[in-house]
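Structure first, then comments.
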Amino acid sequence: MDKVLVTRAVFPEVLDRLSGYFEVEFNPDDQVWTRSQLVERLQGKAGAFITGSERVDAELLAACPDLRAVCTMAVGYNNIDVEACTARGVWVTNTPDVLTETTADFGFALMMAAARRLSEAERYLRRGEWRKWHYDQLMGADVHGATLGILGMGRIGQAIARRGALGFGMEVVYHNRTRLPLEAEGAVNARWVDKATLLRESDHLVLVVPYSATSHHMIGEAELALMKPTATLTNIARGGVVDDAALAKALRAGRIAAAGLDVYEGEPHPNPALLDLPNVVLSPHIASSSVSTRRAMADLAAGNLIAALGCGPRAGRPPTPVNPGPTGRP
Ligand code: 8YV
């Protein structure tokens, strides 16, 4: 029986399922292991069920030669060096699709909360400052009928566009490296524009682009300067896509109106400059965290691990691979 490591705490039913196929070592206290603790625990393991918190690179692979599958419970895999895994014939899998709608719901919620100043309003009320109605109390920006900008038009971007166009009568503009086929643009009523136009035209800009060297600080001081002073910015992509220090400055100076953030540089320690600002809605990387979606992500990651290690009904054919596994070894 192969041995596998589950690096973080996960649903007990998922551990039970894995135990039907493997000898499972897990992390009941949900400790965030150091790199050397992780390498130590991976010795003799054929597979790893990981999350976005663990970094898998060439050095780790060299130190863990028995590893044949790295299965992350996330759609994003910027923490995994896929090329290095492919070179060693190690499967990489992720959990796309199952989280698309839930993540889009949350992105929309953050965007609306930022536009309508929801966190600010709640803090005001809790502080006991609400004494009377007045005409310009906590006035925000409308979402319905406004221009929704989307940077990164993959599955989640399109799901957000659908909400905006069909539910809120928004005009949708987007920027993506590759333009969607006309039909797909038509389905969400979206218009491709270059990045500068996207920044200039958006009333509410939502970032859904994967993190890579290319998308690092894709939104910084220069980009924020192009946005409308009344605009909001929502980041549900990855910390690092936005230069958080530049964003904090822009929010403080009123160069944009508000932001909604679920992801940060240096998670779980957001830039302190963001914490004191009234015009930013902050959440702790929970966009995919609905009961049924987190369960579906864990099930899919487990199914990938089982199949990648040659077990179960899909032996050798993990449902959502990122690379070709052993057949991709040069
Ligand atoms: C995960 C995410 O919960 O799927 C992703 O890429 O950002 C989240 O849904 C997180 O990465 C932990 O694995």
Side-chain angles (χ1 to χ4, degrees), residues 4-11 14-15 18 26-27 30-33 35 38 47-57 60 69-82 85 91-111 150-160 206-212 214-216 218 234-242 244 260-270 282-305 318-323:
V4 300
L5 180 70
V6 179
T7 60
R8 299 292 304 277
V10 75
F11 301 96
V14 172
L15 292 175
L18 289 172
F26 60 105
N27 183 354
D30 200 29
Q31 286 170 24
V32 179
W33 292 326
R35 175 93 164 162
L38 177 63
F49 179 120
I50 69 163
T51 69
S53 320
E54 293 79 38
R55 188 161 48 86
V56 174
D57 54 20
L60 179 135
V70 172
C71 301
T72 186
M73 182 181 151
V75 66
Y77 48 85
N78 54 293
N79 54 319
I80 304 172
D81 183 339
V82 178
C85 288
W91 280 110
V92 178
T93 68
N94 68 340
T95 60
D97 301 318
V98 291
L99 48 62
T100 300
E101 299 300 329
T102 295
T103 304
D105 281 351
F106 195 84
F108 219 85
L110 259 188
M111 182 254 278
I150 300 177
L151 185 60
M153 197 59 146
R155 289 170 280 239
I156 299 171
Q158 290 175 56
I160 291 172
V206 183
L207 310 179
V208 216
V209 71
Y211 181 73
S212 68
T214 328
S215 64
H216 180 74
M218 216 172 191
T234 296
N235 187 7
I236 54 164
R238 274 288 178 274
V241 170
V242 176
D244 285 347
L261 304 176
D262 188 48
V263 289
Y264 309 86
E265 295 187 279
E267 282 176 28
H269 304 293
L282 304 166
S283 57
H285 202 146
I286 54 166
S288 67
S289 194
S290 75
V291 176
S292 65
T293 291
R294 281 286 165 89
R295 185 56 208 262
M297 290 165 70
D299 280 337
L300 181 53
N304 276 321
L305 185 56
T320 50
V322 169
N323 74 352

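Counting starts at 1 for both ligands and their atoms, following the listed order. In this chain, numbering begins with 1 at the start of the sequence shown.
Within the listing of ligand 1, atoms 4 (O), 9 (O) sit less than 4.0 angstrom from a heavy atom of L99. Near R294, meaning under 4.0 Å from one of its heavy atoms, ligand 1 places the atoms 3 (O). When each atom of ligand 1 is checked for a heavy atom of R238 under 4.0 Å away, the hits are 2 (C), 5 (C), 6 (O), 7 (O), 11 (O).
Some N or O of G52 is nearer than 3.5 Å to an N or O of ligand 1, by distance alone. Where the criterion is an N or O separation shorter than 3.5 Å, residue side chain and backbone included, T51 fails it with respect to ligand 1. At least one N or O atom of M73 sits closer than 3.5 Å to an N or O atom of ligand 1.
Under 4.0 Å is where a charged nitrogen must lie from a carboxylate oxygen, and between R294 and D299 no such pair does.
Closest to atom 4 (O) of ligand 1 among all protein heavy atoms lies V75 N, 2.7 Å. Atom 10 (C) of ligand 1 has as its closest protein heavy atom H285 NE2, 4.0 Å. When only non-hydrogen protein atoms are considered, atom 9 (O) of ligand 1 lies nearest to S288 OG, 2.7 Å.
Side-chain atoms of I50 and C71, non-hydrogen and from C-beta on, never get closer than 4.5 Å to each other. Considering only heavy atoms from C-beta on, L5 stays 4.5 Å or farther from F49 through its side chain.
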Tell me, with the steps shown, if L38 and L60 meet side chain to side chain contact (heavy atoms under 4.5 Å, CB included). CA-CA 9 Å; L38 177 63; L60 179 135; 3.8 Å; yes
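A donor-acceptor pair is defined here as one N or O able to donate and one able to accept, closer than 3.5 Å; such a pair exists between the side chain of N79 and the backbone of E54. Between the side chain of N27 and the main chain of A9, no donor-acceptor pair closer than 3.5 Å is present.
When the heavy atoms of A74, P96, G76, S53 are ranked by distance to atom 11 (O) of ligand 1, first place goes to A74.
For OH of Y77, the number of neighbouring non-hydrogen atoms (other residues, nucleotides, ligands) closer than 6.0 Å is 12 at most.
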